[in-house]
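Since this is a predicted model, take the numbers as computed values, not measurements. Keep in mind that the numbers below use all heavy atoms, side chains included, and drop hydrogens, waters and symmetry copies. In this chain, residues are counted from 1 in sequence order.
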Amino acid sequence: MSSDGFTTCLWFDGQAEEAAAHYVSIFKNSRLGRVTHVPESAPLPAGAVLAVEFVANGQRFLALNGGPQYKFTEAISFQIFCADQDEVDHYWSKLTEGGGEAGPCGWLKDRFGVSWQVIPTRLMEMISDPDPRRASRANAAMMSMGKLDIAALEKAYAGE
């Protein structure tokens, strides 16, 4: 096995190139890579985009135009840990634009159906606090939100 990590393959129905460009536009340390086209001998339209290699936030991906057989579900999601509310707002806005949909507890689906969790790093500290009352208050506040609001989470955590 190669020692340089994994590449995540995302299955699209004709949107691979658009999705790769979208993700690269959102995250730092991102770039588009090789684009592979359908060869003449394949059962798909020759010359159409088959796959796009890309890096988003330093992670390697392959966007594959595999067809309509498979859809994304929440069983797989990508977590984005954010340092502050500006980052939460940025990723939430960029990933829901153009037809994405907000979900509960910091989850969302982008316009391609890929699930994301936009999480303030501070939340993880709050819900793992050794004081069960503080952790429980932070968790309850999170469960009541769509996009996470760090100030409101902090207030709940503090018992205010």
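Between Asn139 atom CG and Asp129 atom CG the span is 12.5 Å, to the nearest 0.5 Å. Within the model, atoms CG of Asp149 and CD of Gln85 stand 5.0 Å from one another, a figure rounded to the nearest 0.5 Å. Taking OG of Ser115 as the reference point, atom CD of Gln79 lies at 12.0 Å (rounded to 0.5 Å). Note that the CD atom of Gln59 and the CZ atom of Phe6 stand 11.5 Å from one another [nearest 0.5 Å]. Distance CD/Glu125 to OG/Ser128: 7.0 Å, rounded to 0.5 Å.
Asp110 places no side-chain N or O within donor-acceptor distance of the main-chain N or O of Thr96, the cut-off being under 3.5 Å. Formation of a donor-acceptor pair under 3.5 Å by the Arg111 side chain with backbone atoms of Gly99 is not found in this model. Judged by distance alone, the side chain of Glu160 and the main-chain N or O of Glu154 form no donor-acceptor pair under 3.5 Å. Remark: the backbone N or O of Phe27 is paired with a side-chain donor or acceptor of Ser30 at under 3.5 angstrom. In this structure, the side chain of Trp92 does not engage the main chain of Val118 through any donor-acceptor pair within 3.5 Å.
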Exercise. Show your working on salt bridge (charged side-chain N to carboxylate O under 4.0 Å, His left out) between Lys147 and Asp89 and close with a plain yes or no.
Key: CA-CA 8 Å; Lys147 179 176 74 170; Asp89 295 345; 3.0 Å; yes
Self-check item: Working for side chain to side chain contact (heavy atoms under 4.5 Å, CB included), residues Leu64 and Phe12
Solution: CA-CA 6 Å; Leu64 174 70; Phe12 295 93; over 6 Å; no
Self-check item: Evaluation steps, side chain to side chain contact (heavy atoms under 4.5 Å, CB included), between His22 and Glu97
Solution: CA-CA 10 Å; His22 182 62; Glu97 76 182 4; 3.6 Å; yes
Quiz item: Could you walk me through whether Ile80 and Gln117 pass the side chain to side chain contact (heavy atoms under 4.5 Å, CB included) check?
Solution: CA-CA 6 Å; Ile80 305 169; Gln117 298 175 52; over 6 Å; no
Exercise. Step by step, work out the side chain to side chain contact (heavy atoms under 4.5 Å, CB included) result for Val114 and Lys109.
Key: CA-CA 5 Å; Val114 176; Lys109 280 188 179 182; over 6 Å; no
Quiz item: Could you walk me through whether Arg60 and Glu53 pass the salt bridge (charged side-chain N to carboxylate O under 4.0 Å, His left out) check?
Solution: CA-CA 8 Å; Arg60 293 182 320 202; Glu53 296 175 12; over 6 Å; no
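Taking the six-membered ring for Trp, Tyr23 and Trp116 have ring centres closer than 6.0 Å.
No chain of hydrophobic side-chain contacts below 4.5 Å, direct or via other Ile, Leu, Val, Met, Phe, Trp or Tyr residues, connects Ile76 to Phe72. Hydrophobic clustering (ILVMFWY, side-chain heavy atoms < 4.5 Å, transitive): Leu153 and Ile119 are in one cluster. Transitive grouping of hydrophobic side chains (ILVMFWY, heavy atoms separated by less than 4.5 Å) brings Ile26 and Val52 into a common cluster. Hydrophobic clustering, with ILVMFWY side chains joined whenever heavy atoms are under 4.5 angstrom apart, keeps Val38 apart from Leu10. Linking Ile, Leu, Val, Met, Phe, Trp and Tyr residues whenever their side-chain heavy atoms come within less than 4.5 Å leaves Met126 and Val88 in two separate clusters.
In this structure, Leu62 stands alone, with no Ile, Leu, Val, Met, Phe, Trp or Tyr side-chain heavy atom under 4.5 Å from its own, directly or through other members. Val55 forms part of no hydrophobic cluster, judged by ILVMFWY side-chain heavy-atom separations under 4.5 Å.
Contacts of Phe61 classified as ring pair (Phe, Tyr, Trp, His ring centres under 6.0 Å), with partners at least two apart in sequence or in another chain: Phe54, Phe78. Remark: Gln15 engages no residue in a side-chain hydrogen bond (donor to acceptor under 3.5 Å, both in side chains) (not counting sequence neighbours). Residues that satisfy the ring pair (Phe, Tyr, Trp, His ring centres under 6.0 Å) test with Phe81, not counting sequence neighbours, are absent from this structure.
Pairing each heavy atom of Glu87 with each of Asp84, the nearest pair is N-OD1, 2.9 Å. Contact between Met145 and Ala141 at its shortest, heavy atoms only, is CG-O, 3.3 Å. Across all their heavy atoms, Ala16 and Asn65 have their closest contact at N-OD1, 2.9 Å. In plain terms, the two heavy atoms of Cys82 and Tyr91 that are nearest each other are SG-CD1, 3.9 Å. Between Val35 and His37, the closest heavy-atom pair is CG1-CE1, 3.7 Å.
In summary, the side chains of Tyr157 and Arg137 do not present any donor paired with an acceptor at a separation below 3.5 Å, with no hydrogens or angles considered. Side-chain atoms of Tyr70 and Asp13 form no donor-acceptor pair, as typed in the model, at a separation below 3.5 Å.
Other residues, nucleotides and ligands place more than 12 heavy atoms under 6.0 Å from the CD atom of Gln69. Around atom CD of Glu17, no more than 12 heavy atoms belonging to other residues, nucleotides or ligands sit under 6.0 Å away.
Considering Asn57, Asn29, Leu32 in turn, Leu32 is the only one that fulfils the side-chain contact (heavy atoms from CB on, under 4.5 Å) rule with Val24.
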With a 3.5 Å cut-off and sequence neighbours excluded, list the donor-acceptor pairs that the side chains of residues 42-50 form with protein atoms.
none

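Phe112 has its side chain within reach of Glu18: a pair of non-hydrogen atoms, C-beta onward, lies under 4.5 Å apart.
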